[in-house]
Amino acid sequence: MSPLRILCIHGYKQNGSTFREKTGAFRKLLKKQVELIYLNAPLSAQQTCSEEAPEKASTSGAGGDEASRAWWFSDVQAQTFNALQQCEESLGLDESVAAVRGAVKEQGPFDGILGFSQGAAFVAMLCSLQERGLEPDFNFRFAVIVAGFRSACQEHQVFYNLPLHIPSLHVFGLEDRVIPDNMSRDLLPTFEEPVLLIHPGGHFIPATAAHRETYQNFLKRFQ
């Protein structure tokens, strides 16, 4: 049985390489079922301490600012992102959609897509674009959304108008201090029949033996 190919969308101020490192336990947990392909966001995020990400050491030894990436900015002027920041318009989302489109054309096809934190919020938007037929190259069969949330940007609200039919697994922690669990719960009505994996921890992808069955049961629907 061939492993499922999953495109992985990292969090704010991470990149594909650092996200791969952080998901080592997850890859090991599901190594017979999935092949994970990691994408870099196209936007360079400045290294400050004021935004979303106490995603510890996400850029250590990885090239400073160049290793710190974003999918969009909520503050257009400062070119920073905060998940709680309400804004009329954002910056950079079109470039990020184009980056995913390019990855699908060059490295696809992919069975599914996985996103973490800002990347998870972005994945929900990509699923909406796919469902509305606005990105004909997208053909994801499922989505895994870890520490996801609804964007607070006004121009993004169009992504939440219709319930999405794509099968989705939503993973979030009750002790998450970056994306509190109520923010992840607010995203759930965007998806029809979302599957939940709620863990007692914080801002990370849980990957212990206790979580294996939930992941496997979800993924085997597509194998």
Side-chain angles (χ1 to χ4, degrees), residues 7-15 19 22-23 26 39 41 43 45 50-56 58 68-76 78-94 96-97 100 112-131 140 142-164 166-206 218:
L7 182 63
C8 296
I9 306 295
H10 61 75
Y12 182 56
K13 292 194 171 179
Q14 295 181 334
N15 61 44
F19 191 39
K22 288 176 175 292
T23 53
F26 180 75
L39 183 64
L43 308 177
S50 60
E51 290 84 43
E52 173 196 312
E55 293 167 13
K56 298 173 184 174
S58 65
S68 189
R69 316 298 294 180
W71 299 104
W72 79 88
F73 298 123
S74 55
D75 189 321
V76 173
Q79 296 192 12
T80 57
F81 171 76
N82 186 314
L84 297 173
Q85 182 178 7
Q86 296 188 354
C87 56
E88 291 297 317
E89 59 185 19
S90 67
L91 178 67
L93 190 67
D94 288 346
S96 292
V97 173
V100 175
I113 187 166
L114 176 151
F116 174 71
S117 200
Q118 189 194 42
F122 182 43
V123 164
M125 299 177 190
L126 295 172
C127 291
S128 177
L129 290 171
Q130 173 176 305
E131 189 128 337
F140 302 111
F142 63 87
V144 180
I145 293 177
V146 185
F149 57 93
R150 285 178 59 128
S151 170
C153 185
Q154 189 60 42
E155 71 174 1
H156 296 165
Q157 300 314 300
V158 64
F159 295 118
Y160 312 113
N161 287 343
L162 296 173
L164 304 178
I166 185 170
S168 58
L169 172 62
H170 298 252
V171 183
F172 52 89
L174 297 176
E175 294 299 319
D176 195 327
R177 298 291 182 253
V178 178
I179 304 297
D181 66 289
N182 66 293
M183 291 180 65
S184 291
R185 293 179 196 276
D186 285 344
L187 181 61
L188 297 179
T190 304
F191 293 82
E192 287 194 348
E193 301 183 11
V195 178
L196 304 185
L197 195 171
I198 303 171
H199 63 94
H203 197 60
F204 57 83
I205 300 181
F218 178 77

Q: Pairs under 3.5 angstrom only: tabulate donor-acceptor contacts from the side chains of residues 189-199 to other protein residues two or more places apart or in another chain.
A:
| from | atom 1 | to | atom 2 | distance (Å) |
| --- | --- | --- | --- | --- |
| Thr190 | OG1 | Leu187 | O | 3.2 |
| His199 | ND1 | Gly201 | N | 3.0 |
| His199 | NE2 | Gly173 | N | 3.3 |

Q: Provide the closest heavy-atom pair for Ala41 versus Arg69 in the form atom of the first, atom of the second, distance.
A: O-NE, 3.0 Å

Q: Are any non-hydrogen side-chain atoms of Ser117 and His203 less than 4.5 angstrom apart?
A: yes

Q: Are any non-hydrogen side-chain atoms of Phe19 and Ile205 less than 4.5 angstrom apart?
A: yes

Q: Give the ring-plane orientation class for Phe81 versus Tyr12, where under 30° counts as parallel, over 60° as perpendicular and anything between as tilted.
A: perpendicular

Q: Step by step, work out the side-chain contact (heavy atoms from CB on, under 4.5 Å) result for Cys153 and Ser90.
A: CA-CA 7 Å; Cys153 185; Ser90 67; 3.9 Å; yes

Q: Could you check Asp176 against Asp181 for side-chain contact (heavy atoms from CB on, under 4.5 Å), going step by step and ending with a plain yes or no?
A: CA-CA 7 Å; Asp176 195 327; Asp181 66 289; 6.0 Å; no

Q: For a 4.5 angstrom cut-off between non-hydrogen side-chain atoms, does Ile9 reach Ile113?
A: yes

Q: Given Glu131 and Leu162, is the side-chain contact (heavy atoms from CB on, under 4.5 Å) satisfied, shown in steps?
A: CA-CA 9 Å; Glu131 189 128 337; Leu162 296 173; over 6 Å; no

Q: Search all heavy atoms of Ala83 against all heavy atoms of Ala152 and return the closest pair with its distance.
A: O-CB, 4.2 Å

Q: Could you give me the CA-CA distance, side-chain angles and deciding distance for Phe140 and Gln130, then say whether side-chain contact (heavy atoms from CB on, under 4.5 Å) is met?
A: CA-CA 8 Å; Phe140 302 111; Gln130 173 176 305; 3.3 Å; yes

Q: Any side-chain heavy-atom pair from Ser128 and Leu164 closer than 4.5 angstrom?
A: yes

Q: Among Leu114, Val146, Ile145, Val144, which residue meets the side-chain contact (heavy atoms from CB on, under 4.5 Å) test with Leu169?
A: Val144

Q: Might you point out which heavy atoms bring Val76 and Gln79 nearest each other, and give the distance in Å?
A: O-CG, 3.5 Å

Q: For Ser151 and His156, which heavy atoms make the closest approach, and how far apart are they?
A: OG-ND1, 2.7 Å

Q: Validate the cation-pi geometry between Arg185 and Phe172: distance from NZ or CZ to the six-membered ring centre under 6.0 Å, angle to the ring axis within 45°.
A: no

Q: Under 4.5 Å between any side-chain heavy atoms of Trp72 and Leu91, yes or no?
A: no

Q: Under the side-chain hydrogen bond (donor to acceptor under 3.5 Å, both in side chains) rule, what do His170 and Ser184 come out as? Steps first, then yes or no, please.
A: CA-CA 8 Å; His170 298 252; Ser184 291; over 6 Å; no

Q: Would a 4.5 Å heavy-atom cut-off, applied to side chains only, mark Pro206 and Val171 as touching?
A: yes

Q: Tell me which one of Leu39, Leu93, Leu126 satisfies side-chain contact (heavy atoms from CB on, under 4.5 Å) with Trp71.
A: Leu39

